[in-house]
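Inspection log for the structure reproduced underneath, given as structure tokens.
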Amino acid sequence: MLLGAAKMLQHNQNDLQGTVVLIFQPAEEGGGGAKIMLDEGALDNVDAIFALHVTARVPIGMLASRPGPISAAMGFFEAVINGKGGHAAIPQHTVDPILAASNVIVSLQHLVSREADPLDSQVVSIAKFQGGGAFNVIPDSVTIGGTFRAFSKESFLQLRQRIEEVISKQASVQRCNATVIFDERSMYPVNSNNKELHEHFRKVAGEILGFENIIEMQPQMGGEDFAFFSESIPGLFFFLGMKETEGAVHSGHSPYFRVNEDVFPYGAALHASLATTYLLQNPTKHTSPPEVSYRDEL
């Protein structure tokens, strides 16, 4: 879709009232590619940024977005809980890390149910539990891991602090010790849509597809590393529907996910239209295009 937009923009380049930078975003799923691109200057001299994401939850020809927060800040964590292994028949001679890890997991769920404001959406999920390899042997250690999410920077940092405290202290109650590791590369900020750009998106998309086909969606707890871009400069992130009228619907994280190529013209046209109309309405603040270096890849 971005290549299609590039072809349209190139064909009409003499009519552009500024410079359009096209970004192919690598390492979006857990790699924090947007952060690396920022650090390397991909958005230097850029005033605004637009992005789309396909979704099988919305019919083809329809779009979904919202002003303000659209996806949550998120991070990964892992904890190793160390005890003393031994035979399951004589547990009094062991320090059981499985019991400690179980208590840790239950206590972590209290962070949201009893410490978070119910109106401030937060999630802590444990998705990894590894320990032991035999039915009758208590292991020396257990590894657990998961994600945490929130819709404000303050709540996110508070949740991170409390996760580390709960794991360490709850493990010590069970005579174990714990090491907590946060994957800094996986820490994504809140992805928030600029209100002015959202109005621009609604107007342009509404004129192309009809205003009745623009849906205001609810914020979602999934993370999105486009947030690094929208945290740095005004940004707008929207979802492009690709749901067909017949057949099963599978999410983008399903092994049965199938791209509906009929959406390609919609995405290409929206990319090109959002950029060209933005330049017409917002004269560029920069007198020269950003310097770009080119190289051949083997």
Side-chain angles (χ1 to χ4, degrees), residues 1-2 5 18 20-21 23 25 28 34-35 37-38 43 46-74 116-123 149-157 187-243 251-252 263 266-285:
M1 289 184 279
L2 193 59
V20 180
V21 179
I23 294 180
Q25 188 181 334
E28 181 267 335
K35 178 66 167 61
M37 294 181 76
L38 270 177
L43 293 191
V46 174
D47 300 325
I49 185 167
F50 300 89
L52 67 79
H53 194 302
V54 296
T55 176
R57 298 176 182 174
V58 177
I60 189 169
M62 300 186 73
L63 307 172
S65 190
R66 72 183 307 275
I70 189 168
S71 59
M74 66 149 291
D117 183 337
L119 300 180
D120 179 16
S121 299
Q122 299 178 31
V123 173
R149 305 161 191 269
F151 272 114
S152 74
K153 185 175 182 179
E154 296 74 17
S155 297
F156 184 71
L157 294 176
M187 300 289 181
Y188 291 4
V190 177
N191 185 20
S192 187
N193 280 337
N194 178 272
K195 293 182 179 179
E196 288 74 22
L197 291 187
H198 182 262
E199 284 305 309
H200 174 73
F201 156 76
R202 272 188 51 81
K203 181 178 180 182
V204 172
E207 290 175 352
I208 295 174
L209 298 175
F211 289 96
E212 70 279 6
N213 291 315
I214 314 299
I215 302 170
E216 181 160 323
M217 61 181 285
Q218 292 296 314
Q220 60 179 21
M221 296 305 297
E224 168 55 58
D225 86 332
F226 180 80
F228 289 111
F229 293 147
S230 61
E231 185 181 53
S232 176
I233 63 173
L236 187 284
F237 189 86
F238 66 95
F239 288 86
L240 173 63
M242 53 170 277
K243 180 181 179 182
S251 75
V263 305
Y266 292 89
L270 286 163
H271 272 318
S273 298
L274 287 167
T276 54
T277 52
Y278 178 85
L279 289 175
L280 283 171
Q281 297 167 16
N282 300 272
T284 181
K285 301 173 185 176

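One-based numbering along the sequence shown. What you see below is based on every heavy atom in this structure, not just the backbone, and it leaves out hydrogens, waters and symmetry mates. Everything quoted here is computed from the prediction, not taken from an experiment.
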Does the side chain of Glu224 reach to within under 4.5 Å of the side chain of Ile70, using non-hydrogen atoms? no
Give the minimum heavy-atom separation between Met62 and Glu212, together with the two atoms involved. CE-O, 4.1 Å
Please examine the side chains of Pro67 and Glu199, heavy atoms only from C-beta on, and report whether any two atoms are closer than 4.5 Å. no
Between Asp47 and Tyr278, is the side-chain contact (heavy atoms from CB on, under 4.5 Å) condition met? List the steps. CA-CA 10 Å; Asp47 300 325; Tyr278 178 85; 4.1 Å; yes
Inter-residue atom distance Ser273.OG - Ile208.CD1, 0.5 Å rounding: 3.5 Å
For Met221, does its backbone N or O pair with a side-chain atom of Arg149 as donor and acceptor, under 3.5 Å? yes
Arg66 backbone acceptor or donor facing Asn193 side chain under 3.5 Å: yes
Counting distance only, does the side-chain N/O of His200 pair as donor-acceptor with the main-chain N or O of Leu274 below 3.5 Å? yes
Heavy-atom closest pair (Ala64 atom, Val58 atom, distance to 0.1 Å) is CB-CG2, 4.3 Å
Inter-residue atom distance Ile49.CD1 - Gln25.CD, 0.5 Å rounding: 7.5 Å
Looking at Asp225 and Ala34, would you say the former's side chain and the latter's main chain have a donor-acceptor pair under 3.5 Å? yes
Would you mind reporting whether Thr277 and Lys203 have side-chain heavy atoms less than 4.5 Å apart? no
Could you report the tightest heavy-atom contact between Ser71 and Gly222, atom names first, then the distance? CB-O, 3.0 Å
Working to the nearest 0.5 angstrom, can you tell me the gap between Phe238 CZ and His198 NE2? 10.5 Å
Do Met37 and Phe228 come close enough that some side-chain heavy atom pair is under 4.5 Å? no
Would you say CD of Gln218 has more than 12 non-hydrogen atoms from neighbouring residues, nucleotides or ligands within 6.0 angstrom? no
Test side-chain contact (heavy atoms from CB on, under 4.5 Å), reference Leu63, set Tyr266, Phe201, Phe239, output is Phe201
For Ile214 versus Ala205, what's the shortest heavy-atom pair and its separation? CD1-CB, 3.7 Å
So which heavy atom on Leu236 is nearest to which on Ser65, and how close? CD2-OG, 4.2 Å
Would you give the length of the straight line joining atom CG of Asp120 to atom CZ of Phe151, rounded to the nearest 0.5 angstrom? 9.5 Å
Determine the interplanar angle of the Phe237 and Phe226 rings, folded into 0 to 90°, and report it as parallel if under 30°, tilted if 30 to 60°, perpendicular if over 60°. tilted
How long is the gap from CG on Leu197 to CD1 on Ile233, to the nearest 0.5 Å? 9.0 Å
Residues Met187 and Phe156: closest non-hydrogen pair is SD-CZ, 3.7 Å
Given side chains that start at C-beta, do those of Phe50 and His271 come closer than 4.5 Å, heavy atoms only? no
